[in-house]
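Each remark here refers to the structure printed beneath this line.
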There are 2 protein chains.
Amino acid sequence: MLTTRKSNKRQLILEEAAKLFKQKGFGGTSMRDLAGEVGIEAASMYNHIRSKDEILELICFRVSSTYISQLAEIEATDAPYVEKIKALIRLHIRLMIEDGAAVSVANHDWKYLPEPALTEFKQARKQYEKGFAALIEQGIAAGEFQPVNVSVALFTILSAVRWVELWYRPGRELSAEELEANIITMLLTGLEKK
Amino acid sequence: MLTTRKSNKRQLILEEAAKLFKQKGFGGTSMRDLAGEVGIEAASMYNHIRSKDEILELICFRVSSTYISQLAEIEATDAPYVEKIKALIRLHIRLMIEDGAAVSVANHDWKYLPEPALTEFKQARKQYEKGFAALIEQGIAAGEFQPVNVSVALFTILSAVRWVELWYRPGRELSAEELEANIITMLLTGLEKK
DNA sequence: AATCAACACAAACGAATGTTTGTTAGTATG
DNA sequence: CATACTAACAAACATTCGTTTGTGTTGATT
């Protein structure tokens, strides 16, 4: 008998690591903490992973590549720019809800990546931001958006969508759909009544 | 001769600590790192501060009490709610620009506060959020704002204002005033052109 | 039955951590 | 001049860290 061919212990380590890193930070989480959560000794984890840094890399790059490939999909559609931006906002919220721990780690602990990875990650993030910004710029050119500073719009949207991690709990007053609708309203039509 | 009665070395430590904590995180900054920046040995710092934790506490609570007292001032005016919210947004941006390192630490490293302080800090933050939310709620009731979910509006604003720390550099394309104007436009009238 | 890889463990490693200790030089106060 | 305080230092402290090593067990393969 075997649990699953090619043990899933590695996957379990990554999942528990994401939770702990989110909760206590990368530096604040020891390999012994993590091992305790997984249910083995710290030394045993090295049968499944190369190092603590490798865990961080795997988490961060899984998240960044998800964002980048999803951005490419949205870019390829021929919806109005308003709809593309809405789709991106929904993407961020969904990922945050479904994979919140990993997304939080990629948002906060990426700076502890060891050096070739650090530069690579920053480039990936910049690439994503460039693509996102281009959609906003084109939307302004097409007359769909107000002529606001593109960087300000970009980072306002990206940041506004981050707090979901701090706030959303499955049994909360708002469903995921209501949450999306409310955030989209805030960002696209603003707080003030016209 | 003396440099200044009641040495400012303690203040210097706090300032350098804020910079380092922002840059490398609380856990990622060692007392030897910090001492090096201050220009003395690690042991010597204990003539000026009680512990590493105390440094974090002093930074975090200085920031939280600034926010709370400024909120009280704004609450006391009798401007329209739109103007009160704008004033709060401007307050956040100004504090971020003028005291960015400390604000960043209070935003990111508060979770490493030791225990009585941790609870106290969370309460202070909750108190601030409650006051901010009340202004939004009253603004909706007064017909100045759209009937959006209050928590969503609150956290969208608070988050949207945080990225300034990552982005603003004194010699940037946008002045502080232009930055404020753009963010306020985004948050109050939205991205979409009507 | 023998072999082998996978995987768990205890023990230990060196490095780094926050902090304490003991001491010393300089300076203000009586 | 004697006293007391401030603030610097080197050295060492115990602890924790990520990781390595060596060893044992288990279950599948040959």
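Numbers restart at 1 for each chain; the letters A, B, ... are given by sequence-line order, proteins then strands.
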By the side-chain hydrogen bond (donor to acceptor under 3.5 Å, both in side chains) test, which pairs, at least two apart or in different chains, include something from residues 94-114 of chain B?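 Listed once each, the pairs are Arg62(B)-Asp99(B), Arg94(B)-Glu180(B), Ser104(B)-Glu165(B).
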Looking at the base of dA6(C), is there any donor atom on it, or on the side chain of Asn47(A), that sits under 3.5 Å from an acceptor on the other one?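 Donor-acceptor pair under 3.5 Å: no.
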Using the test salt bridge (charged side-chain N to carboxylate O under 4.0 Å, His left out), find all partners of Glu120(A) that sit at least two apart in sequence or belong to another chain.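 Testing Glu120(A) for salt bridge (charged side-chain N to carboxylate O under 4.0 Å, His left out), a comparison that skips the adjacent residues, returns none.
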[X] [atom1] to [N] [atom2]: how many Å, rounded?
{"X": "Ile49(B)", "N": "dT6(D)", "atom1": "CD1", "atom2": "P", "result": "16 Å"}
{"X": "Arg50(B)", "N": "dT20(C)", "atom1": "CZ", "atom2": "C1'", "result": "16 Å"}
{"X": "Ile13(B)", "N": "dT19(C)", "atom1": "CD1", "atom2": "P", "result": "12 Å"}
{"X": "Tyr112(A)", "N": "dG18(D)", "atom1": "OH", "atom2": "C1'", "result": "17 Å"}
{"X": "Lys52(B)", "N": "dT16(D)", "atom1": "NZ", "atom2": "P", "result": "15 Å"}

Compare every heavy atom of Leu20(B) with every heavy atom of Leu34(B), then report the nearest pair and how far apart it is.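 Leu34(B) and Leu20(B) have their closest heavy atoms at CA-CD1, 3.7 Å.
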Taking five pairs at each end, how big is the angle between the two axes of the helix from dA1(C)-dT30(D) to dG30(C)-dC1(D), to 10°?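 It works out to 10° between the end axes.
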Would you please name every residue forming a side-chain contact (heavy atoms from CB on, under 4.5 Å) with Ser51(B), sequence neighbours left out?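 In terms of side-chain contact (heavy atoms from CB on, under 4.5 Å), with neighbours along the sequence ignored, Ser51(B) is linked to Asp53(B), Glu54(B).
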Would you call Tyr168(A) and Leu174(A) a side-chain contact if the rule is heavy atoms closer than 4.5 Å?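 They are not in side-chain contact.
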Does the side chain of Ile85(A) come within less than 4.5 Å of Phe145(A)'s, by heavy atoms?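 Of all side-chain heavy-atom pairs linking Ile85(A) with Phe145(A), at least one is under 4.5 Å.
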Looking only at side-chain N and O atoms, does His48(B) come under 4.0 Å of OP1 or OP2 in dA8(D)?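 So the side chain of His48(B) is within the cut-off, an N or O lying under 4.0 Å from OP1 or OP2 of dA8(D).
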Phosphate OP1/OP2 of dA6(C): any Lys9(A) side-chain N/O under 4.0 Å: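 For dA6(C), neither OP1 nor OP2 has a side-chain N or O of Lys9(A) closer than 4.0 Å.
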With a 4.0 Å heavy-atom cut-off, tell me which residues in residues 31-46 of chain A come close to DNA chain C, sorted by residue number.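 Those residues are Arg32(A), Ile40(A), Glu41(A), Ala43(A), Ser44(A).
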Which other residues end up in the same hydrophobic cluster as Leu166(B), if Ile, Leu, Val, Met, Phe, Trp and Tyr are linked when side-chain heavy atoms come under 4.5 Å apart?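 Hydrophobic cluster check, Leu166(B): no partners found.
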Can Leu71(A) be reached from Phe121(A) by stepping across I, L, V, M, F, W or Y side chains whose heavy atoms are under 4.5 Å apart?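 They do not share one cluster, since no chain of ILVMFWY contacts under 4.5 Å joins Phe121(A) to Leu71(A).
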Taking NZ, NE, NH1 and NH2 as the nitrogens, is one of them in Lys126(B) or Glu129(B) under 4.0 Å from a carboxylate oxygen of the other?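 Salt bridge: no.
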